[in-house]
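Since the structure comes first, as structure tokens, the remarks are kept for the end.
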Number of protein chains: 2
Amino acid sequence: MSLDREQVLRSAAALLTRKSTATMDEVARAAGIGRATLHRHFAGRDALVRALENLGIQEVEAALDAAALDEGPAQDALRRLVAAVEPSAGLLSFLVTENQLFEGEEVNEGWSRLDARVSAFFRRGQERGEFRIDLTPAWLTEALYGLISSAAWAVQDGRVASQDFQYMIVELLLGGARRSVEQ
Amino acid sequence: MSLDREQVLRSAAALLTRKSTATMDEVARAAGIGRATLHRHFAGRDALVRALENLGIQEVEAALDAAALDEGPAQDALRRLVAAVEPSAGLLSFLVTENQLFEGEEVNEGWSRLDARVSAFFRRGQERGEFRIDLTPAWLTEALYGLISSAAWAVQDGRVASQDFQYMIVELLLGGARRSVEQ
DNA sequence: TTTCGGTGAGACATTGTTGTCTCATGTGGT
DNA sequence: ACCACATGAGACAACAATGTCTCACCGAAA
């Protein structure tokens with residue numbers, strides 16, 4: 001029977017999200033296949049991680065598309081984005097950490113595309129007068145990634161309810177912790 | 001000549017902050033000592049990481065003390081805290097990531113203490129009416145860690161100016177990205 | 001100068017992971 | 001029923017990192 005590459009990647013993502021140092025053997029067992037088979041489909045650990053990278057980028061890109069960041073108020077668009085990216089949060093968190101290990105080496109161009117799109121979105125929000133202009137789009141982008149990762153771990157560790165995922169990220173990123181008079 | 005344990009830990013922290021997978025050999029060379037000597041002072045990699053953990057906890061705890069979180073407006077206290085913790089941001093980021101690998105195992109009690117103090121601070125801010133009450137102290141604590149880590153990496157990669165470190169974290173955490181009428 | 005303690009360098013065994021290979025099995029398609 | 005092919009299991013070598021050990025060296029103190 002031909003192996004379901006997609007399903008293998010899913011379970012690998014689920015495992016590596018929890019334990020980023022998992023062995024090829026562990027990944028294989030988690031996917032319910034033999035290590036040899038895993039190796040036949042992914043030349044090595046690098047290839048596996050790269051495949052996961054492509055999967056993650058693809059998912060986030062799909063989330064960006066689904067969120068239609070160009071349409072309507074930027075604040076609403078951000079809500080849509082966070083909601084759409086939530087299922088990929090764990091994988092995204094893993095990949096961000098993994099990317100930090102590639103110091104200087106060639107990084108998947110996909111990340112640049114994502115960064116560019118998210119940054120452009122924040123810039124649009126600034127131009128619409130919805131977002132402050134003293135926080136750079138680059139920083140807002142980083143902060144969004146960071147909050148998504150933090151939230152993903154907090155949910156996984158049970159420190160935060162999973163149903164609050166979207167609300168907490170968006171509310172903090174948009175409104176901050178300060179209690180304001182309006183809104 | 002007796003080895004300067006403190007200096008070794010500093011350089012180890014600096015290296016592991018940039019490359020979390022650095023070898024004992026690399027750590028030794030970065031500290032300008034032999035691997036054998038490194039091994040004489042830290043029984044193994046675990047011991048080294050645990051020593052770094054204690055160092056990081058100690059630094060953050062000192063930052064908490066220095067920030068005097070109990071005094072005055074919570075917003076000002078947060079500014080003081082972020083400013084005080086900035087030098088330890090990289091190490092903190094490394095340790096947070098490292099801790100995620102210890103799934104379930106005994107975690108250094110120091111983290112609980114830090115979490116408790118930071119959470120208590122956010123709670124105080126809520127009780128003073130300065131912070132919103134719809135975002136839990138636990139989440140605000142996580143978010144603070146996440147933003148500090150993100151900022152540390154962003155600065156290290158040159159995506160953000162280091163002089164903006166404190167401002168960006170505090171402003172985003174307090175006020176959020178939304179452009180508001182007041183403030 | 002001699003002695004003592006810490007150090008650097010290197011050798012070494014050990015361990016864990018990776019990557020490759022072989023072979024028996026079993027399932028799907030013909 | 002037969003064949004082709006993918007798989008699982010296991011053996012295997014290669015490799016990297018760890019942890020231990022020895023030995024020569026050197027600087028400080030007596």
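Proteins come first, then strands; the chains are lettered A, B, ... in the order of their sequence lines, and each starts at number 1. Side chains are part of it too, since the values below use all heavy atoms of this structure and drop only hydrogens, waters and symmetry mates. All values derive from a computational prediction rather than experimental measurement.
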Seminar exercise, completed: side chain to side chain donor-acceptor pair (under 3.5 Å) filter on A/Asp134, not counting sequence neighbours, yields A/Arg132, B/Tyr167
Problem set entry | salt bridge (Lys or Arg N to Asp or Glu O under 4.0 Å) partners of residues 46-64 of chain B, not counting sequence neighbours, each pair once | B/Arg10-B/Glu59, B/Glu61-B/Arg113
Problem set entry | With A/Ala13 via side chain to side chain contact (heavy atoms under 4.5 Å, CB included) - residues at least two apart | A/Leu52, A/Leu91
For this session: Please report how far the helix from C/dT1-D/dA30 to C/dT30-D/dA1 bends, comparing the axis fitted to its first five pairs with the axis fitted to its last five, to the nearest 10 degrees.
Result: 20°
For this session: Determine which pairs satisfy salt bridge (Lys or Arg N to Asp or Glu O under 4.0 Å) with at least one residue from residues 84-93 of chain A, sequence neighbours left out, and list them in order.
Result: none
Exercise. A/Ala30: what forms a side chain to side chain contact (heavy atoms under 4.5 Å, CB included) with it, not counting sequence neighbours?
Worked result: A/Leu15
Exercise. Does anything in residues 140-169 of chain B pair up under salt bridge (Lys or Arg N to Asp or Glu O under 4.0 Å), and if so which pairs, sequence neighbours excluded?
Worked result: A/Glu142-B/Arg159, A/Arg159-B/Glu142, B/Asp157-B/Arg159
Exercise. Do any side-chain nitrogens or oxygens of B/His41 fall under 4.0 Å of OP1 or OP2 in C/dG6?
Worked result: no
Provide a list of protein-nucleic acid N or O atom pairs under 3.5 angstrom, restricted to nucleotides 18-25 of chain D.
{"from": "D/dT18", "atom 1": "OP1", "to": "B/Arg45", "atom 2": "NE", "distance (Å)": "3.2"}
{"from": "D/dT18", "atom 1": "OP2", "to": "B/Met24", "atom 2": "N", "distance (Å)": "3.1"}
{"from": "D/dG19", "atom 1": "OP2", "to": "B/His39", "atom 2": "NE2", "distance (Å)": "3.3"}
{"from": "D/dG19", "atom 1": "OP2", "to": "B/Arg45", "atom 2": "N", "distance (Å)": "3.2"}
{"from": "D/dG19", "atom 1": "N7", "to": "B/Arg35", "atom 2": "NH1", "distance (Å)": "3.1"}
{"from": "D/dG19", "atom 1": "O6", "to": "B/Arg35", "atom 2": "NH2", "distance (Å)": "2.9"}

For this session: Not counting sequence neighbours, which residues clear ring pair (Phe, Tyr, Trp, His ring centres under 6.0 Å) with A/Phe94? List them please.
Result: none
For this session: Give the rounded distance in Å between these two atoms: NZ of A/Lys19 and P of C/dG16.
Result: 13 Å
Problem set entry | Atom-pair distance (CZ on B/Arg5; C1' on C/dT7), nearest Å | 17 Å
For this session: Calculate the interatomic distance between B/Ile33 atom CD1 and D/dG27 atom C1'; express it in whole Å.
Result: 18 Å
Problem set entry | Nearest-angstrom distance from the residue atom CZ of B/Arg29 to P of C/dT7 | 17 Å
Exercise. With a 4.5 Å heavy-atom cut-off, do A/Arg79 and A/Glu171 have their side chains touching?
Worked result: yes
